[in-house]
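Structure record follows, encoded as structure tokens.
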Amino acid sequence: MYTSSDTIKLDESWKELLSSEFNKDYMRNLKTFLKQQKQQQKIIFPKGNEYFQALNLAPVDKVKVVILGQDPYHGPGQAHGLCFSVRPGVAVPPSLKNIFKEMKQDLGIDQPKHGCLIPWAQQGVLLLNSVLTVEQHKAGAHQGRGWELFTDQIIHNLNKTHDNLVFLLWGSYAQKKGVVIDRDRHLVLQSPHPSPLSAHRGFYGNGHFSQTNSYLAQHDKQPIEWLLPPSSEITQELL
């Protein structure tokens, strides 16, 4: 695990795959921007050692499924580095509630009592936001600062180095970001976003969870156990 002086951590497998990105101007500019934000006493979510939590919990060779989000949650105590996820004890956000509703419809799984998706990540589900930081109470505040280029490179590398991944692209933003994915090499499942504004337009009933597991099984990969365990069983040091 790579740890810098400002407590940012990055799994060695991702550090190796993405090493050239950190020397590019856009990443240097992004680092400068984040330092300036902190010097101005801006509150940034998630905390520094969780910027790359999605990567740290799903090392390169373990990735089987990719779920693309947009920005971290911008309310206190919500974001912890995984798209759509919140820690146990934090109210489940509306989009995640709708994800759980579709799981129930698709797989018959009862809705969890918490919204912590760490157990998915530990099975190889990369829960990747396009932008990895945000200012408190300012949705989209860090868009256009460089994170999008970095996460584009993650998708590009996975598309190129892996076979038979499943990409879940919910909403037009994720679908545009996933346009580079080779549909002959990977399974790409698309639907409207699970947001309350759009879930009824086709997210409900998309069957993505069962389709994902069928595809993984067809390619001799262990299906995902989508049923979340009780929060008491989630490894505490990851929270």
Side-chain angles (χ1 to χ4, degrees), residues 1-15 17-18 21-22 27 30-31 33-35 37-38 42-60 62-93 95-96 99 112 114-143 145-155 157-158 168 170 173-174 177 194 224 228 231 234-239:
M1 187 78 74
Y2 166 75
T3 307
S4 72
S5 59
D6 55 2
T7 73
I8 292 173
K9 300 176 181 179
L10 180 58
D11 174 85
E12 287 292 341
S13 66
W14 286 106
K15 183 189 174 188
L17 189 67
L18 300 167
E21 297 304 301
F22 291 95
M27 281 299 283
L30 174 60
K31 185 176 182 180
F33 166 74
L34 291 171
K35 283 186 174 181
Q37 293 291 290
K38 291 180 179 179
K42 302 285 183 67
I43 298 175
I44 295 174
F45 299 133
K47 57 187 179 182
N49 63 2
E50 292 177 333
Y51 288 0
F52 300 120
Q53 185 75 323
L55 304 176
N56 294 336
L57 291 177
V60 172
K62 302 296 185 185
V63 176
K64 296 186 287 190
V65 180
V66 181
I67 299 178
L68 291 182
Q70 189 166 351
D71 290 281
Y73 298 122
H74 56 84
Q78 291 183 303
H80 67 126
L82 307 177
C83 71
F84 294 109
S85 180
V86 291
R87 288 186 180 84
V90 177
V92 177
S95 290
L96 185 54
I99 290 170
H114 64 87
C116 184
L117 305 183
I118 285 175
W120 291 3
Q122 291 176 310
Q123 296 176 74
V125 180
L126 180 61
L127 295 159
L128 183 67
N129 274 317
S130 176
V131 178
L132 300 187
T133 58
V134 72
E135 184 181 341
Q136 179 176 246
H137 299 318
K138 292 188 177 181
H142 292 182
Q143 289 180 8
R145 293 292 182 171
W147 280 128
E148 295 93 338
L149 297 174
F150 182 74
T151 52
D152 280 348
Q153 195 61 32
I154 292 171
I155 295 168
N157 276 300
L158 289 173
L168 303 182
W170 297 332
Y173 186 92
K177 194 170 181 69
I224 304 300
L228 292 172
S231 58
I234 297 174
T235 309
Q236 290 302 305
E237 60 262 28
L238 299 177
L239 297 173

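As the structure is a prediction and not an experimental result, all values here were calculated from the model. What's counted below: heavy atoms across the whole structure, side chains too, no hydrogens, waters or symmetry copies. Index from 1, following the sequence.
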**Item:** Beyond-backbone contact of Leu228 with Cys116, side-chain heavy atoms, under 4.5 angstrom
**Value:** no
**Residue list, side chain to side chain contact (heavy atoms under 4.5 Å, CB included) with Val60, at least two apart or on another chain** = Ser13, Trp14, Leu17, His162
**Fill in**
ring-ring contact (aromatic ring centres under 6.0 Å, His included) filter on Tyr173, not counting sequence neighbours, yields none
**Request:** Could you give me the CA-CA distance, side-chain angles and deciding distance for Leu126 and Val66, then say whether side chain to side chain contact (heavy atoms under 4.5 Å, CB included) is met?
**Result:** CA-CA 5 Å; Leu126 180 61; Val66 181; 4.3 Å; yes
**Message:** Within this structure, what is the CZ-CD distance for the pair Phe45 and Gln136, rounded to the nearest 0.5 Å?
**Reply:** 4.0 Å
**Prompt:** Could you give the distance from CD (Gln123) to NZ (Lys64), rounded to the nearest 0.5 Å?
**Reply:** 6.5 Å
**Test side chain to side chain contact (heavy atoms under 4.5 Å, CB included) applied to Ile234 and His114, step by step** = CA-CA 11 Å; Ile234 297 174; His114 64 87; 3.6 Å; yes
**Item:** Non-hydrogen side-chain atoms of Asn56 and Leu10 separated by less than 4.5 Å
**Value:** yes
**Message:** So, taking the atom named CZ in Phe84 and the one named CD in Gln70, what distance separates them when rounded to the nearest 0.5 Å?
**Reply:** 9.5 Å
**Prompt:** Going from NE2 on His137 to CD1 on Ile43, what distance comes out if it is rounded to the nearest 0.5 angstrom?
**Reply:** 7.5 Å
**Prompt:** Looking at side-chain heavy atoms only, is the closest gap between Asn157 and Gln153 below 4.5 Å?
**Reply:** yes
**Item:** Side-chain heavy-atom pair Tyr51, Ile44 within 4.5 angstrom cut-off
**Value:** yes
**Prompt:** If you count the non-hydrogen atoms of other residues, nucleotides and ligands that lie under 6.0 Å from NZ in Lys42, is the total more than 12?
**Reply:** yes
**Asked** Which heavy atom in Leu128 sits nearest to a heavy atom in Cys83, and how many Å separate them?
**Response** N-SG, 3.6 Å
**Request:** Taking the side chain as every heavy atom from C-beta outward, state whether Leu30 and Leu149 have any atom pair closer than 4.5 Å.
**Result:** no
**Asked** Considering only heavy atoms from C-beta outward, does the side chain of Leu168 approach that of Ile67 to under 4.5 Å?
**Response** yes
**Request:** May I ask you to decide if the ring planes of Phe52 and Phe150 are parallel, tilted or perpendicular, using 30° and 60° as cut-offs?
**Result:** tilted
**Asked** Which pair of non-hydrogen atoms, one from Arg87 and one from Ala79, has the smallest distance, and what is that distance?
**Response** NH1-O, 3.9 Å
**Request:** Take Thr151 and Ile155 through the test side chain to side chain contact (heavy atoms under 4.5 Å, CB included) and record every step on the way to the result.
**Result:** CA-CA 6 Å; Thr151 52; Ile155 295 168; 5.6 Å; no
**Item:** Minimal non-hydrogen separation, Asn129 against Leu132, with atom names
**Value:** O-CD2, 3.3 Å
**Prompt:** What's the shortest heavy-atom distance between Glu135 and His142, and which atoms?
**Reply:** N-NE2, 3.9 Å
**Prompt:** Which is it for Val134 and Trp147 under the side chain to side chain contact (heavy atoms under 4.5 Å, CB included) test, yes or no, and what are the steps along the way?
**Reply:** CA-CA 11 Å; Val134 72; Trp147 280 128; over 6 Å; no
**Thr133 OG1 to Gln143 CD distance, which is reported to the nearest 0.5 Å** = 10.5 Å
**Complete:** What one should report as the nearest heavy-atom pair of Gln53 and Gly81 is CB-CA, 3.9 Å
**Request:** Would you check if the side chain of Glu21 reaches a backbone N or O of Leu18 as a donor-acceptor pair within less than 3.5 Å?
**Result:** no
**Message:** Quick check: closest heavy atoms across His80 and Ser85, and the distance to 0.1 Å?
**Reply:** NE2-OG, 2.7 Å
